[in-house]
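What follows is a set of notes on a single structure, which appears directly below.
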Protein chains: 2
Amino acid sequence: MESSTTPGGSTRREATRQKLYEAAVTLIAEQGFSATTVDEIAERAGVAKGTVYYNFASKSVLFEELLRHGVGLLTASLREAAERTARDGGSKVDALDAMVRAGLVFIDRYPSFTQLYVAELWRTNRAWQSTLMVVRQEAVAVVEGVLREGVDNGEFSDEIDVPLTAAALVGMVLVAALDWQAFQPERSLDDVHAALSRLLQGRVSGHR
Amino acid sequence: MESSTTPGGSTRREATRQKLYEAAVTLIAEQGFSATTVDEIAERAGVAKGTVYYNFASKSVLFEELLRHGVGLLTASLREAAERTARDGGSKVDALDAMVRAGLVFIDRYPSFTQLYVAELWRTNRAWQSTLMVVRQEAVAVVEGVLREGVDNGEFSDEIDVPLTAAALVGMVLVAALDWQAFQPERSLDDVHAALSRLLQGRVSGHR
DNA sequence: CTATTTGAACTGACTGGTCAGTGCAAAAAC
DNA sequence: GTTTTTGCACTGACCAGTCAGTTCAAATAG
């Protein structure tokens, strides 16, 4: 008795679900959702096919829950970075910079998830489209919040377009990080962070 | 004789190939490669299934040629923008700005292609992976070229990381544009361009 | 302590459907 | 008269989802 109903408990079920998430995320990142078979996922997770269906209603439900899970981790990490900077009395630029770093750390730790997220984000006509929209907005909203505070603050020009700039910043970090992973994995995180900071603070074309 | 080998000839064959490209690009952008069937592509193109196989060896060959075709258009457009600015005696910042605009125009005209490109770029283990790498490098190289000239020039700090900054810039434009198309399509191209220019020139956080 | 029961978790062979690619004869286009 | 397209039936592989049966750990009984 007890066990399966307990939320947050570390049951056997939770462990297999975790294994399935991990197997699915790498396979789908590599091959895409449709090209990945449930048999492959089960095999990679070291579990029978039936177990997948015991734990998830369908292949796409598995995927949707995976998305929610992953973006949840990302937003938490971004929010934490912003709050930490605020607590330490940093400026909004510092907060943005801390969030860039948090983004890089996340991508470094979960490269497959990021890959998969980017690949699916702009697809239309897919079952999980609405899930993805909601979840995307959560992440971008954290950045928008900091930008808006900076504008109210006087720290940022009030001419900036908050939603668009937030999206562009997220995109910058996402794409730079994926390129880093894919094409120059030997570089260090600090290195990549430094390059993006410079770009962010206008030290590329701003003065000098 | 003649006709199929001629590059740029406007044969009947070329016309059906073009129709197939257009049908395939929108369908694959919406659904992904694996979820798109050859029957769908043929139907959308208004052509018999046999014709697809008369013109392309396989579904993935069709896709690879599509990729080459599309990225060819993009690099040509970026290069043209950079050269035009140079000819008009513009600075390197002007050249970057012109390239940002050229990128936006391209994405505005071929949104499906862009969508599809981003979705496939960081996948591994796929047949066309090498094609994509080559083709990506061609596009990024144009931006790298301008950055490097600017550094030699003294116009940009020699501390910038050219490949990484180029990748980040491309990513910024790509993601901002896709977000624009997907989530706020009512905005004008000039609007989006202005927001990105501001970000590029460090007028967000640089000084006020 | 040992034996028995319970039910959640898991298994893997099986099914029904889908789809890439083929083959080909006849029609159209050039 | 040659090239290209059509239409359509067919095949064989592959795959999402199902289900009858098995495992196992914890609970209860003796």
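Letters A, B, ... are given to chains in the order of the sequence lines, protein chains preceding strands, and every chain is numbered from 1.
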Starting from [atom2] on [N], measure out to [atom1] on [X] and report it in whole angstrom.
X      : N       : atom1 : atom2 : result
F56(B) : dT4(D)  : CZ    : C1'   : 14 Å
E43(B) : dG7(D)  : CD    : C1'   : 14 Å
R13(A) : dT23(D) : CZ    : P     : 21 Å
I41(A) : dC15(D) : CD1   : P     : 12 Å
E40(A) : dC14(D) : CD    : C1'   : 11 Å
F63(A) : dA16(D) : CZ    : C1'   : 17 Å
L27(A) : dA16(D) : CG    : P     : 12 Å

Do [Y] and [X] meet the salt-bridge criterion of a basic N to acidic O distance under 4.0 Å?
X       : Y       : answer
E80(B)  : R84(B)  : yes
E144(B) : R148(B) : yes
K49(B)  : E43(B)  : no
D97(B)  : K92(B)  : no
E120(B) : R123(B) : yes

> Which nucleotide sits closest to the side chain of T37(A): dC19(C), dG17(D), dC15(D)?
Replying inline: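 Side chain of T37(A) sits closest to dC15(D).
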> Is T36(B) touching bases, backbone alone, or none of the nucleic acid, heavy atoms closer than 4.0 Å?
Replying inline: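 Result for T36(B) = sugar-phosphate.
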Polar atoms only, N or O, under 3.5 Å: list the protein pairs with nucleotides 26-29 of chain C and their distances.
none

> Who passes ring pair (Phe, Tyr, Trp, His ring centres under 6.0 Å) against F63(A), sequence neighbours left out?
Replying inline: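 Applying ring pair (Phe, Tyr, Trp, His ring centres under 6.0 Å) to F63(A) gives F33(A), W128(A).
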>> I'd like to check the ring pair (Phe, Tyr, Trp, His ring centres under 6.0 Å) partners of F56(A); sequence neighbours left out, ordered by chain and number.
In response: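 Expected list: Y21(A).
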>> Does N55(A) form a side-chain contact (heavy atoms from CB on, under 4.5 Å) with L62(A)? I'd like the steps, not just the answer.
In response: CA-CA 8 Å; N55(A) 284 283; L62(A) 162 57; over 6 Å; no
> Which residues in residues 44-55 of chain B have at least one heavy atom lying under 4.0 Å from any atom of DNA chain C?
Replying inline: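 Contacting residues: K49(B), Y53(B).
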> Where along residues 16-23 of chain B does a heavy atom come under 4.0 Å from DNA chain C, residue by residue in number order?
Replying inline: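 Of all residues in residues 16-23 of chain B, none places a heavy atom under 4.0 Å from DNA chain C.
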>> Test salt bridge (Lys or Arg N to Asp or Glu O under 4.0 Å) on E40(B) and R44(B); report intermediate values, then the result.
In response: CA-CA 6 Å; E40(B) 278 177 313; R44(B) 170 85 63 112; over 6 Å; no
>> Restricting to side chain to side chain donor-acceptor pair (under 3.5 Å), what partner residues turn up for D108(B), sequence neighbours left out?
In response: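 By the side chain to side chain donor-acceptor pair (under 3.5 Å) rule, D108(B) matches Q181(B).
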> When rounded to the nearest 0.5 angstrom, what distance separates CZ in F156(A) from OG in S91(A)?
Replying inline: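 Spacing of CZ (F156(A)) from OG (S91(A)) equals 7.0 Å.
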